[in-house]
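Within every chain, numbering begins at 1; the chains are lettered A, B, ... in the order of the sequence lines, protein sequences first and strands thereafter.
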Number of protein chains: 2
Amino acid sequence: MSISERKKKILAAVVDEYVRTAEPVGSKAIASKAGLGCSSATIRNELAELVSLGYLEQPHTSAGRVPTPMGYRMYVNELMEKQRLSLEETEDINRRMNQKLRELDDTISDVSRLASQLTDYPALALTTRTAVTIKRFDIIYVDANTFIIVVMLSDNTVKNKLVKLPVSVDQKLVQRLAILFNSGFTGITEGAVTPLLIHSTERAADDTMGVTSVIAAFAIEVLTEAAAPSAYVSGENRLLNQPEFRDPDKAHRLMGYLSGGGYILPPDQRMEEAGEIKVLIGPENVAEELKDSSVVIATYDAGDNTKGMIGVVGPTRMDYSAVAAKLSILAAGLSRRLGSGEAPPEGMHNKLIIKGDTGNE
Amino acid sequence: MSISERKKKILAAVVDEYVRTAEPVGSKAIASKAGLGCSSATIRNELAELVSLGYLEQPHTSAGRVPTPMGYRMYVNELMEKQRLSLEETEDINRRMNQKLRELDDTISDVSRLASQLTDYPALALTTRTAVTIKRFDIIYVDANTFIIVVMLSDNTVKNKLVKLPVSVDQKLVQRLAILFNSGFTGITEGAVTPLLIHSTERAADDTMGVTSVIAAFAIEVLTEAAAPSAYVSGENRLLNQPEFRDPDKAHRLMGYLSGGGYILPPDQRMEEAGEIKVLIGPENVAEELKDSSVVIATYDAGDNTKGMIGVVGPTRMDYSAVAAKLSILAAGLSRRLGSGEAPPEGMHNKLIIKGDTGNE
DNA sequence: GTTGGCACTCTTTCCTTTCGAGTGCTAATA
DNA sequence: TATTAGCACTCGAAAGGAAAGAGTGCCAAC
């Protein structure tokens with residue numbers, strides 16, 4: 001499994017060069033570039049071995065070498081220089097992120113856009129929320145036909161809805177309902193909102209106008225929406241920057257998949273610890289559409305049982321090092337912001353842990 | 001300016017055929033297809049004249065003819081069959097729309113997505129809001145450190161924000177502030193929120209904790225956001241379906257422009273009446289990036305001084321007829337929904353008025 | 001005014017040739 | 001035993017050229 005130090009250096013050089021140029025790289029190029037003092041002929045021998053070991057392949061005889069997914073995996077796991085962004089870059093990212101962050105949902109799409117800008121790949125952001133409940137119900141009486149429902153959830157987000165009814169409603173009734181909902185509908189998840197519960201609330205409030213069901217419907221809607229994982233994709237068009245997507249059909253297929261909010265992570269993979277970075281290379285992806293693309297994902301902690309992921313999609317020939325570093329900073333920023341609910345400490349450099357499949361099958 | 005009836009028929013046939021096939025259309029194809037009883041040689045003569053009149057052009061000698069922007073303009077203005085969608089189609093669109101509509105902002109992006117699905121072109125939706133003011137302020141006291149600001153705007157949207165303070169705040173103070181904001185900050189636009197006003201409110205409430213400025217900041221934020229035009233673009237990737245965008249660079253340029261929320265309408269064009277459809281063909285667009293694309297836009301009435309637009313972007317070779325019909329239904333549905341704030345009457349077929357530049361230069 | 005016919009034009013497609021980068025192998029060298 | 005120089009070989013990409021085909025423009029006939 002382990003290979004000589006020189007082979008590693010050569011493999012790293014091939015990956016670096018191929019990432020940069022998108023052209024198969026030849027023995028001469030490596031000899032002149034990588035600082036190992038040997039001639040192209042030696043390199044050729046090594047390359048041939050790397051091919052037979054499965055780390056590299058040739059598009060055809062007499063072309064240079066190109067890394068296989070296994071080669072990339074080796075690179076990501078062992079060879080890649082954990083890129084340290086300069087202080088300026090880090091601060092730039094943090095500054096741009098701070099400009100964007102406000103509330104949870106807004107934030108996520110903004111940060112996904114930011115990730116796409118920074119990396120020049122399409123970016124996606126997902127949140128999975130678990131077991132959200134309603135913490136508190138308020139109803140603001142506006143006029144006889146109108147009131148506003150305000151719901152505060154266990155993750156401290158607040159949702160509201162303006163309700164206009166065709167009939168007049170007594171302010172007293174609304175007050176009664178607010179009290180009843182506050183005792184009956186708080187602390188429960190969506191599944192627990194049963195017709196029975198709604199019905200008994202309606203009776204207890206002496207509601208003959210059907211207001212109860214309107215409010216209950218909103219409660220269900222809010223709970224459902226909050227529990228559902230949400231996904232944002234931005235910068236799909238940046239795919240077209242990549243030479244491997246010059247074929248419009250290929251680009252189209254992948255973009256369609258991304259826009260459709262196709263799931264990215266294998267369902268059996270549990271969400272990683274916040275701060276970790278996951279790299280899925282080519283065939284390691286489960287989705288057919290991603291089999292020859294790579295995905296880099298950073299997990300962040302949005303507090304209160306909510307974990308989120310932010311990632312980018314690109315060709316397997318991806319600048320894993322730079323992408324991982326940038327995502328890491330974004331994720332850390334999000335964790336700080338969302339996890340605590342407090343203003344973030346600035347300028348913190350953070351550890352970079354990379355995880356992913358090991359290359360064995 | 002006006003041309004013979006037969007020329008019109010031929011022009012229409014060229015456009016129809018070219019829209020369908022994306023290939024230059026020859027005299028034979030027209031002779032066999034269009035129901036005018038004359039031979040290809042006659043058609044050739046007519047075609048030659050249409051070219052010299054500027055309605056058609058040839059990519060090169062000995063290729064078929066392709067409509068010029070002026071040809072499309074003629075087609076849109078005079079020749080196009082105002083397409084009637086079948087009752088089923090209309091109902092399908094209405095049904096799908098009804099599933100999506102909830103609140104203004106959500107809605108618009110959803111409808112834009114729907115428009116893109118229906119037409120298979122990228123779609124965009126914009127709202128310009130004029131003179132939004134705050135109608136009503138409520139503050140919900142949650143606990144000593146926490147309260148929720150709820151703001152109802154003149155367009156009947158409701159915004160809220162959860163505020164967590166590092167210090168304890170008296171419930172009385174919050175109540176005083178709610179009353180003061182309700183009298184001082186309602187009915188005014190963003191520009192009228194002056195430091196002076198904030199300061200005097202702060203004094204009147206006897207607020208030494210800086211709560212006033214937090215609430216005022218939210219008021220400003222909400223007003224600013226509400227007054228700003230918002231734009232959504234969806235389905236950019238559908239561009240890649242069109243043969244004219246098989247060149248990735250071309251596609252990329254346009255997609256980048258669209259994603260960037262580039263402005264579409266010429267700034268001097270005032271918003272049209274709701275229900276009208278505007279067609280901008282190729283060079284009629286002001287933006288350089290759109291010079292060889294077409295835009296079809298429907299205006300809808302979102303009630304309360306708010307007009308919105310929903311449109312699609314595609315190659316000049318666009319199925320104007322079908323697109324216009326579909327957008328028209330969507331816009332009508334939106335007007336009904338948003339304009340009145342009431343549930344829409346179902347299944348209504350509506351008039352289709354097409355407007356646009358006249359072809360004179 | 002319309003039509004059939006025919007020569008002409010220009011693109012598209014396919015085939016062939018050439019060119020060159022990069023390899024694999026062998027024999028010489030340290 | 002590991003490294004290197006040298007060289008024949010391979011295979012794709014690029015360039016050139018011929019053939020095919022679609023469609024025109026124009027002329028003479030109706």
Side-chain angles (χ1 to χ4, degrees), chain A residues 3-11 13-18 20-68 71 243-244 246-247 317, chain B residues 3-11 13-18 20-68 71 243-244 246-247 317:
Chain A
I3 55 179
S4 82
E5 210 51 39
R6 191 171 64 188
K7 280 201 182 59
K8 285 186 182 174
K9 270 196 185 147
I10 292 177
L11 176 54
V14 172
V15 173
D16 284 336
E17 192 65 8
Y18 183 60
R20 209 171 55 80
T21 62
E23 301 279 314
V25 352
S27 53
K28 239 180 240 164
I30 298 175
S32 71
K33 186 174 160 276
L36 17 87
C38 58
S39 78
S40 67
T42 313
I43 308 260
R44 275 204 290 285
N45 290 331
E46 295 281 54
L47 286 175
E49 283 185 59
L50 282 167
V51 168
S52 70
L53 287 170
Y55 294 110
L56 296 176
E57 65 188 352
Q58 301 178 274
H60 53 269
T61 345
S62 96
R65 304 309 206 284
V66 164
T68 60
E244 26 273 278
R246 291 202 70 77
D247 171 14
R317 181 191 62 78
Chain B
I3 56 179
S4 84
E5 211 51 41
R6 191 172 63 186
K7 279 201 182 57
K8 285 184 183 176
K9 271 197 184 143
I10 292 176
L11 177 53
V14 172
V15 173
D16 283 335
E17 192 64 9
Y18 184 60
R20 210 170 54 79
T21 63
E23 301 279 312
V25 352
S27 53
K28 239 180 239 165
I30 297 176
S32 70
K33 186 174 162 272
L36 15 88
C38 57
S39 77
S40 67
T42 315
I43 309 262
R44 276 205 287 285
N45 290 331
E46 295 281 53
L47 286 177
E49 284 186 59
L50 282 168
V51 168
S52 70
L53 287 170
Y55 292 110
L56 296 177
E57 63 186 355
Q58 301 180 273
H60 53 268
T61 347
S62 95
R65 305 308 207 283
V66 164
T68 60
E244 25 274 278
R246 291 202 69 76
D247 172 14
R317 180 191 62 79

side-chain contact (heavy atoms from CB on, under 4.5 Å), that's the test. Do V51(A) and R65(A) meet it? Break it down for me. CA-CA 8 Å; V51(A) 168; R65(A) 304 309 206 284; 3.2 Å; yes
Can you see which heavy atom on P243(B) is nearest to which on R317(B), and at what distance? CD-NH2, 3.5 Å
Going by heavy atoms in the side chains, are K7(A) and L53(A) under 4.5 Å from each other? yes
Rounded distance (Å) that lies between atom C1' of dT1(D) and atom CZ of R6(A): 12 Å
Pairs meeting criterion salt bridge (Lys or Arg N to Asp or Glu O under 4.0 Å) with involvement of residues 50-63 of chain B, two or more places apart: none
Exam field: side chain T68(A) to backbone G54(A), donor-acceptor pair closer than 3.5 Å: yes
Between E23(A) (CD) and dA13(D) (P), how many Å, whole number? 10 Å
Minimum heavy-atom separation for P67(A) and L56(A), please, with both atom names. CA-CD2, 3.7 Å
Reading nucleotides 23-30 of chain D from the 5' end, what letters show protein touch, with B for base, S for backbone sugar-phosphate only, - for no heavy atom under 4.0 Å? BBBB----
First of H60(B) and S39(B) reached from the 5' end of DNA chain C, by closest nucleotide: S39(B)
Start and end of chain B contact along DNA chain C [non-hydrogen atoms, under 4.0 Å]: dT2(C) to dT11(C)
Passing candidate, side chain to side chain contact (heavy atoms under 4.5 Å, CB included) with Y55(A), options V15(A), L50(A), L47(A), V14(A): L50(A)
Would you check if R6(A) and I10(A) make a side-chain contact, meaning some heavy-atom pair closer than 4.5 Å? yes
Atom CD1 of I43(A) and atom C1' of dA2(D) are separated, to the nearest Å, by 14 Å
